Amino acid sequence: MDQVFLNGRILASGEAWISPLDRGFLFADAVYEVIPVYHSKLFLWNEHYLRLERSLQAIRLTNPYRATDWREYLEQLVEANGGGELSVYLEISRGAEETRDHHIPQGIAPTVFAMTLPPLAPDPVLEHSGVRVVMLEDIRWHRCDIKSTALIANVLLREVAREKGAAEALLIRDGFVSEGTSSNVITLKGSTLKTHPDGPEILPGVTRDLLLRLGADLGYTIRRERIRPDELLGAEEAWLTSSRRILAPITRVDDRPIGTGRPGPGYERLRQAWQRHLDAFEA
Ligand SMILES: Cc1ncc(COP(=O)(O)O)c(C=O)c1O
């Protein structure tokens, strides 16, 4: 992560400065996206861009650039960092103003920042054994569909999971499994894939939606319905999905196994379908 993008310019990260009066810093008055890059190309750009526009609209922040300009800037950033396989993190905050007033100020320039992140190292443990998760009460706000940088609740929940030796926390809201702290959840039972319906309780994951489309092509029935914890525990398989980890089999919840307690055949099928999709994208 050498070169970063700040307000229309690409420059060395050490030379990029943002005001301490920026509302992104003072209020987490900002939204973000993380877009995977394969073969130097932005993966699922349209889907990520649509979600970015929805987040901006939800926090009443005008999109500072047109879609074509966004794409051009981010492609320049990818190239400046050597391209290949990485992720782009972008953030738009409302910008800096003197008064630290809760009222949304008018007429100030937003701050636009982007950087690249290295890909996550392949995790052989994940492939062979899956991950253990814990269930925790969802303490987040009521607009989890906005990709807001106000992530302290997610950070604290993930830390509790780590203290319990788990890779992720499955969050329980109103008695149902909403999602993970940085991932969505899909369960498999029979030939049905189930996931929480879109709404304010979850971030609608771009990876999840692609995997569900691929799952439908494989003949699975897709149900967007709330999942009870006991239903998750009784599933044959369950997975976490996210742009950075793609698909991770959940093999234990607290101390109880899911299915056989090993990554199952459904995981293999979907993982292979995803790989075929990626190969076609890269070709
Ligand atoms: C809370 C939350 N849910 C779900 C996801 C998965 O979204 P995506 O597949 O678009 O990366 C993320 C990703 O960061 C997240 O933070």
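Worth saying up front: this structure is predicted, and the values here are computed from it rather than measured. Counting convention: from 1, in listed order, for ligands and their atoms alike.
Residues in residues 233-255 take part in these salt bridge (charged side-chain N to carboxylate O under 4.0 Å, His left out) pairs, two or more places apart or across chains: Arg132-Asp255.
Looking at Glu33 and Lys147, no side-chain N of the basic residue comes within less than 4.0 Å of a carboxylate O on the acidic one, giving no salt bridge. A salt bridge between Glu201 and Arg226 is absent, with no side-chain N of the basic residue lying under 4.0 Å from a carboxylate O of the acidic one.
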Tabulate below the donor-acceptor pairs under 3.5 Å that side-chain atoms of residues 89-97 make, not counting sequence neighbours, or state none.
unit_1: Tyr89; atom_1: OH; unit_2: Glu91; atom_2: OE1; d: 2.6
unit_1: Ser93; atom_1: OG; unit_2: Asp22; atom_2: OD1; d: 2.5
unit_1: Ser93; atom_1: OG; unit_2: Asp22; atom_2: OD2; d: 3.3
unit_1: Ser93; atom_1: OG; unit_2: Gly95; atom_2: N; d: 3.2
unit_1: Arg94; atom_1: NE; unit_2: Asp29; atom_2: OD1; d: 3.1
unit_1: Arg94; atom_1: NE; unit_2: Asp29; atom_2: OD2; d: 2.7
unit_1: Arg94; atom_1: NH1; unit_2: Ile59; atom_2: O; d: 3.3
unit_1: Arg94; atom_1: NH1; unit_2: Arg60; atom_2: O; d: 3.1
unit_1: Arg94; atom_1: NH2; unit_2: Asp29; atom_2: OD1; d: 2.9
unit_1: Arg94; atom_1: NH2; unit_2: Ile59; atom_2: O; d: 2.7
unit_1: Glu97; atom_1: OE1; unit_2: Thr99; atom_2: N; d: 3.4
unit_1: Glu97; atom_1: OE1; unit_2: Thr99; atom_2: OG1; d: 2.7
unit_1: Glu97; atom_1: OE2; unit_2: Arg23; atom_2: NH1; d: 3.1

Result block: side-chain N/O donor-acceptor pairs under 3.5 angstrom for residues 270-283, not counting sequence neighbours:
unit_1: Gln275; atom_1: NE2; unit_2: Asp279; atom_2: OD1; d: 3.0

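A heavy-atom cutoff of 4.0 Å around ligand 1 is satisfied by the protein residues Arg51, Arg140, Lys147, Glu179, Gly180, Thr181, Ser182, Ser183, Asn184, Leu203, Gly205, Val206, Thr207, Thr241, Ser242, Ser243.
Checked against the 6.0 Å centroid threshold, Phe27 and His102 count as a close aromatic pair.
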